[in-house]
Amino acid sequence: MKKLSFVLAAAGLMALAACNKSPEAQSVENAGDNASAAVDNAADMLQGAADNSSNSATAAALGNAADNAHAAADNISDTAKSDAKAIDKNAQ
């Protein structure tokens, strides 16, 4: 339920943020957000596997992989937003 609330809030914020964007920029940003969400979901799965592992070395490795995936998701989102801004700036 917590994740669903987050997704709904993110969708609302994306709709508000889209007000002043060109369709091309919005498409890039949406694609980045979707890719970021997919990587975040994979990271959550890795973290769940780490939490359920009885082997401490395996749990640590999975936890590190989850942290790296979360960081990658943030980078994907930031890059998409930066690219969207560049598209709008070049369109002016």
Side-chain angles (χ1 to χ4, degrees):
M1 189 67 163
K2 190 176 185 182
K3 288 183 183 181
L4 179 60
S5 298
F6 176 75
V7 169
L8 292 175
L13 290 174
M14 287 187 331
L16 288 174
C19 293
N20 294 328
K21 292 188 190 302
S22 68
E24 295 84 9
Q26 188 60 46
S27 178
V28 167
E29 193 165 333
N30 287 345
D33 288 340
N34 290 338
S36 177
V39 173
D40 256 338
N41 288 339
D44 290 341
M45 296 290 281
L46 286 168
Q47 189 59 54
D51 293 343
N52 291 327
S53 177
S54 60
N55 182 311
S56 61
T58 300
L62 288 169
N64 287 338
D67 291 343
N68 290 338
H70 280 298
D74 291 341
N75 289 340
I76 291 167
S77 181
D78 292 344
T79 300
K81 288 177 184 168
S82 175
D83 290 350
K85 286 180 184 177
I87 289 169
D88 278 342
K89 187 175 182 179
N90 289 335
Q92 292 176 351

Sequence-distant partners of Asn52, side chain to side chain contact (heavy atoms under 4.5 Å, CB included), two or more places apart: none
Nearest-0.5 Å distance, CG of residue Asp74 to OG1 of residue Thr79: 10.5 Å
Side chain Ser36, main chain Gly32, donor-acceptor under 3.5 Å: no
Test side chain to side chain contact (heavy atoms under 4.5 Å, CB included) applied to Ala43 - qualifying residues, sequence neighbours left out: Ala69, His70
Side chains of residues 83-91: which donor-acceptor partners sit under 3.5 Å, not counting sequence neighbours?
residue	atom	partner	partner atom	Å
Asp88	OD1	Ser22	N	3.1
Asp88	OD1	Ser22	OG	2.8
Asn90	ND2	Ala86	O	3.3

Test side chain to side chain contact (heavy atoms under 4.5 Å, CB included) applied to Thr58 - qualifying residues, sequence neighbours left out: Ser53, Asn55, Leu62
Other ILVMFWY residues reachable from Val39 by side-chain steps of under 4.5 Å: Ile76
Residues forming a side-chain hydrogen bond (donor to acceptor under 3.5 Å, both in side chains) with Asp51, sequence neighbours excluded: Gln47
